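Here's the structure we're looking at; comments come further down.
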Amino acid sequence: MSKIKFSLLSIIETIDKIELYTKEFDDSEMFYYDQKSFDATMMQFIIIGEMISKLDENFKGKNSNIPWSKIKDFRNIVNYFGIDSDEIWEIITKKIKPLKHDIFLLLKELQ
């Protein structure tokens with residue numbers, strides 16, 4: 001398996017975990033106060049950033065429709081500065097599914 005395919009599959013697996021960890025919550029406040037779920041989800045965002053950092057720059061350049069740098073940099077914010085629960089909730093509810101879809105398309109192209 002190529003390094004790119006492995007990283008993309010890892011991102012999908014990580015998004016699946018985010019969806020699992022957050023599915024029972026209706027809003028950012030409920031999510032934030034469930035420390036275990038919130039912390040586990042934040043760790044998954046860090047992992048996504050790590051997987052993106054392992055992707056070849058040429059590959060990312062050819063697939064610039066995905067904001068690779070912005071997603072990777074988000075890992076640093078989570079890791080070092082913390083994040084506003086409303087902001088993270090917006091990412092979970094509005095941006096994670098489109099990212100998952102885009103990653104699936106990239107995987108399909110690699111086959």
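Quick note: residue numbers are just sequence positions, from 1. Remember, it's a predicted structure, so these values are computed and weren't measured experimentally.
- In the hydrophobic clustering of ILVMFWY residues, with side-chain heavy atoms under 4.5 Å counting as a link, I71 and F104 come out together.
- Across all their heavy atoms, K72 and S53 have their closest contact at CD-CB, 3.7 Å.
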Pair I66-L106, side-chain contact (heavy atoms from CB on, under 4.5 Å): steps then yes or no: CA-CA 10 Å; I66 297 176; L106 291 176; 3.6 Å; yes
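- A chain of hydrophobic side-chain contacts below 4.5 Å, direct or via other Ile, Leu, Val, Met, Phe, Trp or Tyr residues, connects L110 to I12.
- For the atom pair CD of E87 and CD1 of I92, the computed distance is 11.0 Å after rounding to the nearest 0.5 Å.
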side-chain contact (heavy atoms from CB on, under 4.5 Å) between K17 and I47: does it pass, once the steps are laid out? CA-CA 11 Å; K17 288 179 182 180; I47 293 169; over 6 Å; no
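- For the pair M30 and E24, the minimum side-chain heavy-atom distance is 4.5 Å or more.
- Pairing each heavy atom of S85 with each of S28, the nearest pair is O-CB, 3.5 Å.
- L9 is connected to I15 through a chain of hydrophobic side-chain contacts under 4.5 Å among Ile, Leu, Val, Met, Phe, Trp and Tyr, so both are in one cluster.
- Hydrophobic clustering places Y33 together with I18 (ILVMFWY residues linked when any side-chain heavy atoms are closer than 4.5 Å, directly or through intermediates).
- K60 contributes a side-chain N or O that, together with a main-chain N or O of I52, makes up a donor-acceptor pair within less than 3.5 Å.
- To the nearest 0.5 angstrom, L55 atom CG is 11.0 Å from F6 atom CZ.
- Partners of Y32 under the ring pair (Phe, Tyr, Trp, His ring centres under 6.0 Å) rule, at least two apart in sequence or in another chain, are F38.
- Looking at residues two or more places apart in sequence or on another chain, you find a ring pair (Phe, Tyr, Trp, His ring centres under 6.0 Å) between W89 and F31.
- Contact annotation: the side chain of F45 approaches that of I91 to within less than 4.5 Å [non-hydrogen atoms, C-beta and beyond].
- Within the 4.5 Å cutoff, no side-chain heavy atoms of I96 are placed close to those of T22.
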With side-chain contact (heavy atoms from CB on, under 4.5 Å) as the criterion, how do Y21 and D39 come out once you've worked through the C-alpha distance, each side chain's angles and the decisive distance to 0.1 Å? CA-CA 10 Å; Y21 299 160; D39 289 350; over 6 Å; no
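- Side chains of D86 and E90 form no contact here, defined as non-hydrogen atoms less than 4.5 Å apart.
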Evaluate side-chain contact (heavy atoms from CB on, under 4.5 Å) for F59 paired with L8, printing each intermediate quantity in order. CA-CA 11 Å; F59 175 80; L8 294 176; 3.8 Å; yes
